[in-house]
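Notes to accompany the following structure.
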Number of protein chains: 2
Amino acid sequence: MARAKTAKPYHHGELREALAVAGRRLMEEKGLRGFTLRECARRAGVSHAAPAHHFASIDDLLAEIAVRGYHELAAAMTAEARRSGDDPARRLVGQGVGYMAFAAANPVLFQLMFSREANRFEAETLAQAAKSAYLLQREAVEALIPRASGEVKERMADFAWASVHGFITLVLEGQLGERDSPWALKARGLAALSAMVETVVLAGNR
Amino acid sequence: MARAKTAKPYHHGELREALAVAGRRLMEEKGLRGFTLRECARRAGVSHAAPAHHFASIDDLLAEIAVRGYHELAAAMTAEARRSGDDPARRLVGQGVGYMAFAAANPVLFQLMFSREANRFEAETLAQAAKSAYLLQREAVEALIPRASGEVKERMADFAWASVHGFITLVLEGQLGERDSPWALKARGLAALSAMVETVVLAGNR
DNA sequence: TGCAAATCTTGTCATCGGCAAGTTGTCGCT
DNA sequence: AGCGACAACTTGCCGATGACAAGATTTGCA
């Protein structure tokens, strides 16, 4: 049947994609608690039951959005590390900056990604996506302390990630420097990053 | 009217308290997303509309539970620090251990406390309760590096808190050492703590 | 070409949070 | 003591939600 170009086709065509995009926007607008499957459907221009054909449940949609978030996070980390030149210490700091910048730009998504809510890594793809961010951090640490033992490298990768993650998490929750100006917060973040690098180097040269 | 001792009185008497306790248990059982005002009411043995007389909304109840959580967290930190003797370094490590132990014992509550969901510090009491945990960490750091400048102390307090918070958060989310035994995780946590202390001391003596 | 499967729709159900109105118990005031 | 206002709790209702069922439409493959 011929129909006008502006008419909505019965089949959306890319509903899965559209739902993920709409869901991400909705999430940042209304928060995790205001996230609604039906509202996602409305924004995608389909009926409330349509998403069921692409996501088994609302948790499935959240998991998909989280996976995409991990990929973006990894991209932001590598991009910022690349901009930081060849010095391993600078690269590690840069990666941390990329991490924090992504979290600050997508606070609700970031919260979802690191929330055990609807996110219990049942999906193998989610665990894999999360692991890639860890591996990036691990590689950067290994480049910084190449002569350290495997165990020290691992411990310091943990530590490096924990420092960065903890700092930006606390900032996003308003627990650190609530009333500080953005650039003051950035300075504090950089201070935390260099303290972290110092710790890694110290442990790596022992 | 005389009634048997076992009969339920029309007035509960301590509903506010009972709701907070029931809510906390429910939260740990069903997760933040499974938390329901009506289920809290059921567990407290009252009708679904009774909580409204004690909490303006579900977010109010969550905020109350979070405040209690902060008080418990601070108590756990001071208790563990006290057990660690007089050495400032040991006390700082101990406080971190108390922090992590509380988080591990109450993962969902911990997530709520550090979640911007329903937790936007509108309530002054909540902000105050949260601040007390930060001040504890700050005092422990200041005791460790008494001769450092105020700014260094502040930055190192940030760093110390971020390290501890980030580490336990990642562990609880299963991002760090998912398959490790509990004691192996504890060892990794202690390693992170001592690395953190070392850096604080170093920065404080510079 | 024709038919099965995929996609999307409308309709329904139990449950949720919040509000309204009525019931029961408590407590202060005279 | 008694009574009247108020606090605590109840039932009942509303719109919205997630999930499910059954029907309509489109696609694609045999």
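Chain naming here is simple, since letters A, B, ... match the order of the sequence lines and numbering starts at 1 in each.
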Nearest to side-chain heavy atoms of B:Ala49, which nucleotide of D:dT11, C:dT9, D:dT17: D:dT11

Minimum heavy-atom distance between B:Ala195 and A:Met156, given as atom pair plus value: CB-CE, 4.0 Å

Touch class at under 4.0 angstrom, heavy-atom based, for B:Arg16 against every strand present: nothing

Whole-Å gap separating C1' (C:dT15) and NZ (B:Lys30): 13 Å

Electrostatic pair B:Arg91-B:Glu139, nearest N-O below 4.0 angstrom: no

Heavy-atom pair with the smallest gap, counting every atom of B:Phe110 and B:Leu172: CD2-CD1, 4.1 Å

Interatomic distance where CZ belongs to B:Phe55 and C1' belongs to C:dC16 [whole Å]: 18 Å

Parallel, tilted or perpendicular: rings of B:His165 and B:Tyr99 (30°, 60°): perpendicular

Distance, rounded to the nearest Å, where A:His53 contributes NE2 and D:dA22 contributes C1': 11 Å

Touch class at under 4.0 angstrom, heavy-atom based, for B:His48 against every strand present: base

C:dC16 OP1/OP2 closer than 4.0 Å to side-chain N/O of B:Arg42: yes

5' priority, DNA chain D, between A:Ala56 and B:Arg38 [closest heavy atom]: B:Arg38

Length of the CZ-C1' vector between A:Phe35 and D:dG18, whole Å: 12 Å

Nearest listed nucleotide, side chain of B:Ser47, among D:dT10, D:dA19, D:dC9: D:dT10

Rounded interatomic separation in angstrom, taking CG from A:Leu37 and P from C:dC16: 18 Å

Residue whose nearest DNA chain D nucleotide is more 5′ - B:Glu14 or A:Ser57: B:Glu14

Between C1' of D:dG18 and CD of A:Glu39, the distance in whole Å: 15 Å

B:Leu15 CG - C:dG25 C1' separation (whole Å): 14 Å

